[in-house]
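For the numbers below, each heavy atom of this structure counts, side chains included, while hydrogens, waters and symmetry mates do not. Numbers restart at 1 for each chain; the letters A, B, ... are given by sequence-line order, proteins then strands.
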Amino acid sequence: MSAFASFNGERVISGVITIPMYGTWVADIVLALSDAMAPQGALVVANLSLQGTVYRAADFSGSRSARIVGGYGGWKNPVTARAYQNAGGVPLAMVLGDAASEVGEKINVVGGGTVGTDFVREAAPAERVLRQLAGPLWFVDPSGVTQVGAQRSTNAITSNFEITERSGAKGRFSIATEDLASWMPGRTLMSPTVTTTQALSMVTIVLGNNGTVRVEALVAP
Amino acid sequence: MSAVVQPTAMDRLCAAFRMLVRAELPTLTFLGTYEYAVQDVHGSVPNVTVDCSPTDTTIALPSLTNIAMRSAADGATGEPTKGNLCRVIFLNGDPSKPVITGTDSTVANAQISASGTAEVKAGTIKHVASGTAHLEGATLELTGAGVSGSIAANAGLFGTTEHVATVEAVVNMFINYTFLLNSMGPQSSWNTTFFNDPTLSTYLGLVTTWLTNCGIPSLPVGATPVGPPVGGGILWPTVAARITSVLGSKIPDVTGLIPSIGAPKFETG
């Protein structure tokens, strides 16, 4: 049982947290809790804290399992049809900011610019507006803020870690570390046994019900 | 027909698959053509913008304002009226590029703009509306077999210096000129009969008759001879001024039947 993982203060027994390069992170966790859980909160694992929202949850035999998604759970909700027009250009940040605020999300648009003199927003899930304007290159950061136009950190991981397994065929590393916060997509690793820089593409944190934790990292390409 | 019916959330696999597809094609909605109703019109051709609302409220698109009018025909623009139906598309499937590509068959005003030549090739070209077909600042050229009938035009169409003189009109003038000469009698008597008169009234009366017979209704009013005959001869500057004045009046053939100087086969508009 994990004593260092919790969601909104409730202890997490086990779980899997998947953090992709783009999009939002997803966690399937089991809590030692049979009562209803808070709809939003921080998923904390060691020094890593992820702001998320419960997507689905149910209890069974004295424990509760839940799927947590990054952010505030709003992008799947619909926005109404709306037309923008500005002869000087419709700001990208305004269109995305409106969609985000209408569904309760938080967003940070880096750069921005305008989308043209018009923008027609269809009545659809808010995430469609996000994809129309940001394409696939957006991600939800650990604080729950959707980042558009921002770059993930590419800094090398300097904290202690141990590579317990490497699959060259799958481009996957199994890592033992206590510094989970450093293991984010985009970061790079090198070690005495890995002499070429490896950029992390997707990170999965596996919490075992025996109290173990490991990082499985896919590298690019 | 309304938009494509969405699957129910009960089918999780299908719903997930559709989400994947829509994630890859986020602008799918904007690849269609949508029927809107014109709510308001701004500007005039060729710079017209339109406020419009979707006729089908299930298409998930909003009402639009100040959307540019584009015709499906090259170079053509129209000025619709309130209540017209119009077609809205999005260039390149881009939600930031809505345009209107056409309206009902009848609009308030329409224009075809071309910096070069605009050609209409058809067996028959008809102007059947009760309004006005306006040709401005351009040359109207009718070619090919079967061109017949008349073109209604206002006086401005004749220009200020150009004239249309048909062969029939020239021949007609010469024929009538012989009658003029005949009425003037022997040339040896012209000095005493006509040109000693400082006002040339007798001579100009004959000229008036001649021009009238040529199809020109009357001499212009107000032309006054200046000075006495030079050396007993014709006061040429005065006559020349009269002719210039006659031609300058652009008198059309009002009957449409008599070839003449001016604008044969043209009717006053």
Side-chain angles (χ1 to χ4, degrees), chain A residues 20-24 26 28 55-56 58 67 69 73-96 98-99 102 112-140 146 148, chain B residues 2-4 6-7 9-10 12 15-16 18-34 36 39-40 42-43 47 49-70 86-100:
Chain A
M21 176 72 85
Y22 299 111
T24 185
V26 178
D28 286 349
Y55 177 76
R56 182 189 299 127
R67 172 163 292 179
V69 297
W75 289 119
K76 68 180 185 299
N77 295 329
V79 291
T80 58
R82 182 173 177 178
Y84 294 84
Q85 187 171 68
N86 187 330
V90 178
L92 172 67
M94 182 174 72
V95 179
L96 288 176
D98 287 349
E102 288 172 31
T114 62
V115 299
T117 57
D118 291 274
F119 182 78
V120 178
R121 189 178 80 181
E122 63 176 309
E127 60 90 15
R128 192 173 300 165
V129 180
L130 184 61
R131 289 188 179 277
Q132 287 167 356
L133 294 174
L137 306 181
W138 56 271
F139 63 94
V140 177
T146 300
V148 174
Chain B
S2 300
V4 176
Q6 302 294 319
M10 296 298 291
R12 288 179 55 178
R18 287 181 60 87
M19 289 178 68
L20 283 172
V21 171
R22 291 307 299 254
E24 288 300 307
L25 299 170
T27 59
L28 184 63
T29 299
F30 299 95
L31 298 177
T33 301
Y34 297 96
Y36 273 64
Q39 304 298 328
D40 206 352
H42 310 288
N47 300 311
T49 60
V50 167
D51 299 347
C52 52
S53 298
T55 58
D56 182 348
T57 55
T58 68
I59 64 171
L61 292 178
S63 296
L64 303 173
T65 57
N66 288 320
I67 303 303
M69 278 293 301
R70 300 277 191 276
C86 60
R87 296 181 292 278
V88 173
I89 69 165
F90 297 85
L91 301 178
N92 302 329
D94 187 339
S96 69
K97 296 179 178 178
V99 296
I100 296 172

- Message: Using only non-hydrogen atoms and a strict under-4.5 angstrom cutoff, which residues of residues 81-88 of chain A touch chain B?
- Response: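 Interface residues of residues 81-88 of chain A: A/Ala81, A/Arg82, A/Ala83, A/Gln85.
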- Task: Mind ranking A/Arg56, A/Glu127, A/Arg121 by heavy-atom pairs under 4.5 Å with chain B and telling me who comes out on top?
- Result: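 Among A/Arg56, A/Glu127, A/Arg121, the one with the most close pairs to chain B is A/Arg56.
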Could you give the distance from [atom1] ([X]) to [atom2] ([Y]), rounded to the nearest 0.5 Å?
X	Y	atom1	atom2	result
A/Arg128	B/Leu25	CZ	CG	10.0 Å
A/Glu122	B/Leu28	CD	CG	8.5 Å
A/Lys76	B/Met19	NZ	CE	9.5 Å

- Item | 4.5 Å side-chain heavy-atom contact, A/Asp118 and B/Asn66 | no
- Item | Heavy-atom closest contact (B/Phe90 atom, A/Val120 atom, distance) |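 Shortest heavy-atom contact: CE2-CG2, 3.6 Å.
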- Message: Using modelled atom types and a 3.5 Å cut-off, is there a donor and acceptor pairing between side-chain atoms of A/Gln132 and backbone atoms of B/Thr27?
- Response: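 Absent.
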- Message: Need one label for B/Thr65: side chain, backbone, both or neither, based on atoms under 4.5 Å from any heavy atom in chain A.
- Response: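 Both backbone and side chain.
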